[in-house]
Structures are given as structure tokens and as C-alpha cells.
Peer 1: 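This is the structure, below, for whatever I ask next.
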Amino acid sequence: EPEVTQTPSHQVTQMGQEVILRCVPISNHLYFYWYRQILGQKVEFLVSFYNNEISEKSEIFDDQFSVERPDGSNFTLKIRSTKLEDSAMYFCASSQGWGANVLTFGAGSRLTVL
Amino acid sequence: DAKTTQPTSMDCAEGRAANLPCNHSTISGNEYVYWYRQIHSQGPQYIIHGLKNNETNEMASLIITEDRKSSTLILPHATLRDTAVYYCIVRVADTGNQFYFGTGTSLTVIP
């Protein structure tokens, strides 16, 4: 069964450092998403991406965050200068964009900011 | 914000059916009902979705009331591995709109 893959599974970084989280969406999917989940809290939407541009973003997705699809397969989330409160699980998801348009999520990348 | 209301937690005996309710009284005519679950801190896992008719797949059944204002997810024979947080989400299907995850129902399957 096709799956969304995310790397790294766990990253530890120092406050103020840049972090890039990587995702390989399902190959025939057109919409890509990043969500995050702070420990013990809800899964929160960050951003959606379609046709090489951001289609929707939440208030959380401020100037510290950026997304990119650098090639035909990867979808990345960059945090420019990490803060302690960025510590969370980050989930990538993708969807076809038609029909039932089910989002398929990856296993997540755990980011720990020290 | 989430457009659904779910009980905070439920218990179910192993081997019995787990019935998880969801209220979505403001659902629009073109919005589907989706169910996802999250086991520990894993990525949310799709279970089932429906528009008007009841649906069944290998994981679960979805019963949607005739007025579409509520639905029930049924896990027919719950196992310990079904212990998870279950999310009911309403959304227009064929757009890039995000899924809003509320707090869901924490289901504990008891041996």
C-alpha cells in the first residue's frame, strides 16, 4: 500500500538552529500538508500546498516556517530559527485532490528543541 | 475549528463492538464525514468516510443518520490494538481544504 515517508524520525536541535523536515508524499497525489502535534495536545494544521504554492496556512505558520517542493518527489518543511515551543511531532500528509480526497499521513518526525 | 462533538473517552471490552458517536449538526450538504484514529503518537490513520449512506470496510462501519446531523463509527470486534484516539471530521471532499482535528474520543479496549 502506498505510504507517506518522513525523515528524520527524530531530530534534536539547539534553539536558534535551522531545521528541515523531509517528506515523500504518495506519487500521484497533488495536495501536500504539514501538521504538528505538541505533546498531549491536538493535531494542528500548519500549511497546505498545491501546484507549487501554498494554498492555505494557519496562524501558526509564521515567517519562521517555509515549505518547498524542491523536486518531483520531496516536500520539505523548514523552520529557520527554532524555538523551544517548536518541539512537537510534525506530520506530513498528502491527498489526491479529487474523489474522497482522503489524507494519508506519514509516521511523523519528532523535533526536540533544547 | 472542528465542527464535530465527540465524547472525551469511552471504554469497550475486548471482542465486543465499540460504538463511537459523533455530532455534526451544522454539516453542509457537500461535506463528508471522515473518521481517523491516532495510536499513541503515530500519524493519524484513515478509517472510513461517508456522505449519506452507511459504509462498511474491513476496519469499521459508519452509520450516518438520515438528517446527517450525527454518525456512529462501529468497530465490530474491538481488540487491544484498537485502543486509540478516534477523530470524527467533516469536510468538503474534492478540495485541498485541511482536516480539522478536534480532541476526539479516547477509546480504551479493556481485556
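Convention: sequence-line order gives letters A, B, ...; per-chain numbering from 1. The figures here come from the full heavy-atom set of this structure, side chains too, leaving out hydrogens, waters and symmetry mates.
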Peer 1: Does the pair A:V43 and B:Y87 meet the rule for a side chain to side chain contact (heavy atoms under 4.5 Å, CB included), with working shown?
Peer 2: CA-CA 10 Å; A:V43 177; B:Y87 301 98; 4.2 Å; yes

Peer 1: What are the residues of residues 77-84 of chain A, in order of number, with any heavy atom under 4.5 angstrom from a heavy atom of chain B?
Peer 2: none

Peer 1: Is atom CD of A:E85 surrounded by more than 12 heavy atoms (other residues, nucleotides or ligands) closer than 6.0 Å?
Peer 2: yes

Peer 1: I need the residue from B:G43, B:P44, B:S41 with the largest number of non-hydrogen atom pairs under 4.5 Å to chain A.
Peer 2: B:P44

Peer 1: Rounded at 0.5 Å granularity, tell me how far OH in B:Y46 sits from OG in A:S95.
Peer 2: 13.0 Å

Peer 1: If you count heavy-atom pairs under 4.5 Å between each of A:G108, A:A93, A:C92, A:A107 and chain B, which one has the most?
Peer 2: A:A107

Peer 1: Can you get from A:L30 to A:V67 by hopping between Ile, Leu, Val, Met, Phe, Trp and Tyr side chains that sit under 4.5 Å apart?
Peer 2: no

Peer 1: Just checking heavy atoms, which of residues 12-20 of chain A are less than 4.5 Å from chain B?
Peer 2: none

Peer 1: Relative to chain B, which segment of A:F32 carries a heavy atom at a distance below 4.5 Å: side chain, backbone, both, or neither?
Peer 2: neither

Peer 1: Do B:Y32 and B:I27 land in one hydrophobic cluster if side-chain heavy atoms of ILVMFWY residues count as linked below 4.5 Å?
Peer 2: no

Peer 1: Indicate if B:I47 and B:I64 have the same hydrophobic cluster label, given that clusters are the connected sets of ILVMFWY residues with side-chain heavy-atom separations under 4.5 angstrom.
Peer 2: yes

Peer 1: Contact part of B:Q38 toward chain A, heavy-atom cut-off under 4.5 Å: side chain, backbone, both or neither?
Peer 2: side chain

Peer 1: Is it the case that more than 12 heavy atoms not belonging to A:D63 sit under 6.0 Å from its CG atom?
Peer 2: no

Peer 1: To the nearest 0.5 Å, what is the distance between CZ on B:F101 and CZ on A:F91?
Peer 2: 9.0 Å

Peer 1: Can you establish whether the number of heavy atoms outside A:H10 located under 6.0 Å from its atom NE2 is more than 12?
Peer 2: yes

Peer 1: With a 4.5 Å cut-off on side-chain heavy-atom distances among I, L, V, M, F, W and Y, is there a chain of contacts connecting A:Y90 to A:F75?
Peer 2: yes

Peer 1: Ignoring hydrogens, what is the shortest heavy-atom contact between B:Y36 and A:L103? Give both atom names and the distance.
Peer 2: OH-O, 2.5 Å

Peer 1: Hey, any chance B:M10 and B:V109 share a hydrophobic cluster, counting ILVMFWY side chains that come within less than 4.5 Å of each other, even indirectly?
Peer 2: yes

